[in-house]
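Structure, as structure tokens:
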Amino acid sequence: MSKENKQLSLLVHLSRVDNHVAERETKMIHYLGELKGLSFDEIERLINDPGEIPDITNLKPEEKFDWLFNIVQLMKIDGKVYQSEIDFCERVAIKLGYKPGVIADLSAYIYI
């Protein structure tokens with residue numbers, strides 16, 4: 001799976017963690033997928049079947065921040081932030097090598 005697909009897969013998993021995928025979440029996933037050169041059909045396939053949560057340990061530092069920034073954006077895009085989303089984002093942040101609490105710190109500066 002390409003890095004682009006892995007990133008979208010991770011975002012799809014986040015969008016599903018609260019058991020409701022909001023329209024704004026889907027639109028953001030499509031927007032990011034299109035920016036990364038994926039076709040509408042490729043993005044839809046990932047939304048319908050994101051596979052397993054991807055391994056994110058071998059990313060470059062700038063990629064790690066991009067992924068972290070995008071998960072916080074997606075978490076906040078529908079205007080509702082659930083504890084399950086925060087917990088998911090924290091686990092991802094730790095896997096990316098960030099300290100616990102980075103999600104709260106970063107989300108204070110990300111406005112949607």
Side-chain angles (χ1 to χ4, degrees):
M1 183 181 287
S2 71
K3 282 185 184 178
E4 291 81 11
N5 288 7
K6 286 181 180 182
Q7 187 175 22
L8 289 186
S9 172
L10 185 68
L11 293 172
V12 171
H13 281 283
L14 170 58
S15 72
R16 292 179 173 189
V17 81
D18 63 358
N19 295 318
H20 173 71
V21 180
E23 182 180 344
R24 292 185 77 186
E25 291 172 328
T26 302
K27 285 182 179 182
M28 181 178 166
I29 292 168
H30 269 277
Y31 174 75
L32 292 172
E34 289 169 9
L35 284 178
K36 295 181 182 302
L38 299 175
S39 71
F40 180 87
D41 290 338
E42 288 173 308
I43 298 164
E44 280 296 304
R45 277 194 294 277
L46 280 168
I47 289 172
N48 292 325
D49 182 17
E52 297 292 320
I53 294 176
D55 177 20
I56 56 176
T57 56
N58 295 322
L59 299 173
K60 297 175 187 171
E62 63 272 11
E63 291 172 326
K64 288 180 180 185
F65 183 78
D66 180 54
W67 286 40
L68 183 69
F69 190 84
N70 285 336
I71 64 169
V72 172
Q73 281 183 309
L74 187 70
M75 175 180 71
K76 295 180 76 174
I77 193 124
D78 63 355
K80 300 172 190 167
V81 178
Y82 297 95
Q83 188 62 47
S84 58
E85 293 173 321
I86 295 168
D87 294 343
F88 182 90
C89 290
E90 282 288 337
R91 287 191 306 273
V92 170
I94 290 168
K95 286 183 181 180
L96 289 170
Y98 292 94
K99 294 180 181 179
V102 71
I103 296 301
D105 293 342
L106 187 57
S107 67
Y109 296 99
I110 296 176
Y111 304 98
I112 301 297

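All of these numbers come straight from a predicted model, not from anything done at the bench.
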Quick check: do [X] and [Y] have side-chain heavy atoms less than 4.5 Å from each other?
X     : Y     : result
Leu74 : Ile71 : no
Arg91 : Ile94 : no
Leu8  : Glu4  : no

Checking side-chain polar atoms at under 3.5 Å, does Thr57 have a donor or acceptor matched by the opposite partner on Asp55? yes
Residues, nucleotides or ligands: over 12 heavy atoms within 6.0 Å of Lys3 NZ: yes
Quick check for you: to the nearest 0.5 Å, what is the distance between [X] atom [atom1] and [Y] atom [atom2]?
X     : Y     : atom1 : atom2 : value
Ile47 : Leu11 : CD1   : CG    : 10.0 Å
His20 : Glu25 : NE2   : CD    : 7.0 Å
Ile43 : Thr26 : CD1   : OG1   : 11.0 Å
Leu10 : Asn5  : CG    : CG    : 12.5 Å

Would you say the side-chain atoms of [X] pair up with the backbone N or O of [Y], donor to acceptor, closer than 3.5 Å?
X     : Y     : answer
Lys95 : Ile56 : no
Glu85 : Leu14 : no
Lys64 : Gly97 : no

Gln83/Asp87 under side-chain contact (heavy atoms from CB on, under 4.5 Å): CA gap, chis, key distance, verdict: CA-CA 6 Å; Gln83 188 62 47; Asp87 294 343; 2.8 Å; yes
Taking distance alone, no hydrogens or angles, what donor-acceptor pairs closer than 3.5 Å link side-chain atoms of residues 27-37 to residues at least two apart or in another chain?
residue: Lys27; atom: NZ; partner: Glu23; partner atom: OE2; Å: 3.3
residue: His30; atom: NE2; partner: Glu44; partner atom: OE2; Å: 2.6
residue: Lys36; atom: NZ; partner: Gln7; partner atom: OE1; Å: 3.1

Shared ILVMFWY cluster between Val17 and Val21, side chains joined below 4.5 angstrom? no
Test: ring-ring contact (aromatic ring centres under 6.0 Å, His included). Region: residues 71-102. Which pairs qualify, not counting sequence neighbours?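 Every pair satisfying ring-ring contact (aromatic ring centres under 6.0 Å, His included) with a residue in residues 71-102: there are none.
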Between Ile103 and Met75, is the side-chain contact (heavy atoms from CB on, under 4.5 Å) condition met? List the steps. CA-CA 10 Å; Ile103 296 301; Met75 175 180 71; 3.9 Å; yes
I need the minimum non-hydrogen distance between [X] and [Y], along with the two atoms involved.
X     : Y     : value
Pro50 : Arg16 : CD-NH1, 3.5 Å
Asp18 : Ser15 : OD1-O, 3.3 Å
Met1  : Ser9  : SD-CB, 4.3 Å

